[in-house]
Amino acid sequence: MIDLLKGVNLYLIGMMGVGKTTVGKLLAQEVGYRFVDTDEIIVKAVGKSINEIFTENGETDFRQLESDVLGQVCAYTKLIVATGGGIVMQQQNWGYLRHGLIVWLDVPIQIILERLAEDHTRPLLQNSDPQGKLSSLLEQRQHKYSQADLHITITATETPEEIATRILTTIPSILKKS
Ligand SMILES: Nc1ncnc2c1ncn2[C@@H]1O[C@H](COP(=O)(O)OP(=O)(O)O)[C@@H](O)[C@H]1O
Ligand SMILES: O=C(O)C1=C[C@@H](OP(=O)(O)O)[C@@H](O)[C@H](O)C1
Ligand SMILES: [Mg+2]
């Protein structure tokens, strides 16, 4: 697998809560790549949580930081990159993502809601109608996510380990196509 990838980065995209950060760490271990998370880099660079950045700086600033970080990250090789769910909405970001292989983790909204029910770290869901918000975000984003090289549809019972294994077993088929 490592030989097949030839150092090419893997970018995980998809809605918040689909498991990009969790599965990304496992993939990095399996492939022997470094793991990076664009949210984590932003938090370290700014010295504020994602919630604080959204509240104090605003989403527009966050999106600029996200693009800056992605632009810097894509200069490196041998990375598994977990992105934030909204990264697909800036056209400029696709130029960066296309440096590597793009994997869309696709999980039904109902499962995401259950996973994030007690989570307060996603500012876009801190309102009275998280289900409505997730639905409208997915509607805006779905056609962007669908431009990934690999679409992984995840069931309610699939573990992060099983998902990582499935991604790694499917990659050879998309590499042959390109
Ligand atoms: N396959 C899975 N099965 C059950 N829970 C999961 C799975 N993948 C992720 N989670 C949980 O869902 C939450 C969101 O996962 P996370 O990796 O942060 O998603 P993302 O980075 O896509 O927002 C975390 O609590 C994580 O432990
Ligand atoms: O979907 C989004 O717009 C966001 C997703 C979050 O990352 P995760 O997808 O890792 O939760 C984080 O970047 C921010 O809260 C905004
Ligand atoms: Mg994440």
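Model, not experiment: these values are computed from the prediction. Just so you know, ligand 1 is whichever comes first in the structure, and atom 1 is the first atom listed for that ligand.
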Task: Side-chain ion pair, Arg166 and Glu162, N-O less than 4.0 Å - done: no
Open item on the list: List ligand 2 atoms under 4.0 Å from Phe62, heavy atoms only on the residue side.
Closed with: 13 (O)
Open item on the list: Against Trp104, only a single residue in Gln142, Gln147, Met15, Lys20 fulfils side chain to side chain contact (heavy atoms under 4.5 Å, CB included); can you say which?
Closed with: Gln142
Open item on the list: Can you tell me how far apart CG (Leu70) and CD (Gln92) are? Round to the nearest 0.5 Å.
Closed with: 8.5 Å
Task: ligand 1 contact by Ala82, heavy-atom criterion under 4.0 angstrom - done: no
Task: Neighbour count above 12 (heavy atom, 6.0 Å) for Arg34 CZ - done: no
Task: Subset of ligand 2 atoms that lie under 4.0 Å from at least one heavy atom of Gly86 - done: 1 (O), 2 (C), 3 (O)
Task: Subset of ligand 1 atoms that lie under 4.0 Å from at least one heavy atom of Met16 - done: 23 (O)
Open item on the list: Is the contact between Leu105 and ligand 1 made by the side chain, the backbone, both, or neither, using heavy atoms and a 4.0 Å cut-off?
Closed with: neither
Open item on the list: Among all protein heavy atoms in this structure, tell me which lies nearest to atom 15 (O) of ligand 2, with the distance rounded to 0.1 Å.
Closed with: Pro123 CD, 3.4 Å
- [ ] State whether the side chain of Arg141 and the backbone N or O of Met89 hold a donor-acceptor pair below 3.5 Å, judged by distance alone.
- [x] no
Task: Any non-hydrogen protein atom less than 4.0 Å away from atom 6 (C) of ligand 1 - done: yes
- [ ] Give the residue and atom name of whichever protein heavy atom lies nearest to atom 9 (O) of ligand 2, and the separation in Å to one decimal.
- [x] Lys20 NZ, 2.6 Å
Task: Protein heavy atom at shortest distance from atom 11 (O) of ligand 2 - done: Arg122 NE, 2.9 Å
Task: Distance-only donor-acceptor check, side chains Thr121 and Asp119, under 3.5 Å - done: yes
Open item on the list: If you define the side chain from C-beta out and look only at heavy atoms, does anything of Gln131 sit under 4.5 Å from Asp129?
Closed with: yes
Task: Protein residue, atom and distance nearest to atom 25 (O) of ligand 1, heavy-atom basis - done: Arg115 O, 4.8 Å
TODO: Give a yes-or-no answer on whether the side chains of Gln72 and Asp68 include a donor-acceptor pair shorter than 3.5 Å.
DONE: no
Task: Proximity to ligand 2 by part of Arg141, non-hydrogen separation under 4.0 Å - done: side chain
Task: Under-4.0 Å protein heavy-atom contact, atom 15 (O) of ligand 1 - done: yes
Task: Proximity to ligand 1 by part of Lys20, non-hydrogen separation under 4.0 Å - done: both
Open item on the list: Is there a polar contact between ligand 1 and Thr22, counting only N or O atoms under 3.5 Å apart?
Closed with: yes
Task: Test of proximity, Thr121 against ligand 2: N or O pairs below 3.5 Å - done: no
TODO: Considering only non-hydrogen protein atoms, determine which one is nearest to atom 1 (N) of ligand 1 and report residue, atom name and distance to 0.1 Å.
DONE: Glu158 O, 2.9 Å
- [ ] Would you kindly say whether His151 and Asp106 are connected by a side-chain donor-acceptor distance under 3.5 Å?
- [x] yes
Open item on the list: Tell me whether the count of non-hydrogen atoms from other residues, nucleotides or ligands lying under 6.0 Å of NZ in Lys144 goes above 12.
Closed with: yes
Open item on the list: Would the distance check show the side chain of Ser173 and the main-chain N or O of Thr170 forming a donor-acceptor pair, the cut-off being under 3.5 Å?
Closed with: yes
TODO: Report the part of Arg122 (side chain from C-beta onward, or backbone N, CA, C, O) that has a heavy atom under 4.0 Å from ligand 1; answer both or neither where that applies.
DONE: side chain
- [ ] Compute the shortest N/O to N/O distance between Ile163 and ligand 1 and return yes if it is under 3.5 Å, no if not.
- [x] no
Task: N or O pair under 3.5 Å between Gly85 and ligand 2 - done: yes
Open item on the list: Suppose we measure from atom 21 (O) of ligand 1 to each protein heavy atom; which comes out shortest, and what is that distance?
Closed with: Thr21 OG1, 2.8 Å
Open item on the list: Out of all atoms in ligand 2, which are within 4.0 Å of some heavy atom of Gly84? Include the element for each.
Closed with: 7 (O), 9 (O), 13 (O)
Task: Residue from Asp39, Val46, Asn57 passing side chain to side chain contact (heavy atoms under 4.5 Å, CB included) with Phe62 - done: Asp39
- [ ] Consider only side-chain N and O atoms of Lys133 and Gln126, and report whether a donor and an acceptor are under 3.5 Å apart.
- [x] no
Task: Beyond-backbone contact of Val103 with Ile152, side-chain heavy atoms, under 4.5 angstrom - done: yes
Task: Residue portion contacting ligand 2 (non-hydrogen atoms closer than 4.0 Å) for Leu124 - done: side chain
TODO: Would you check whether Thr21 has a nitrogen or oxygen atom less than 3.5 angstrom from a nitrogen or oxygen atom of ligand 2?
DONE: no
- [ ] Report the member of Met15, Arg63, Met16 with the shortest heavy-atom distance to atom 16 (C) of ligand 2.
- [x] Arg63
- [ ] Would you mind checking which non-hydrogen protein atom is closest to atom 14 (C) of ligand 2, with the distance to 0.1 Å?
- [x] Ile50 CG2, 3.9 Å
Open item on the list: Is Thr21 close enough to the Mg ion (ligand 3) that one of its N, O or S atoms comes in under 2.8 Å?
Closed with: yes
Open item on the list: Return the closest protein heavy atom for atom 6 (C) of ligand 2 as residue, atom name and distance.
Closed with: Asp39 OD2, 3.5 Å
Task: atom 19 (O) of ligand 1 [closest protein heavy-atom partner, distance rounded to 0.1 Å] - done: Gly19 N, 3.1 Å
Open item on the list: Would you say that Pro123 contacts Thr55 through its side chain, given a criterion of any heavy-atom pair below 4.5 Å between the two side chains?
Closed with: no
- [ ] Report yes if some heavy atom in the side chain of Leu10 is under 4.5 Å from a heavy atom in the side chain of Ile171; otherwise report no.
- [x] yes
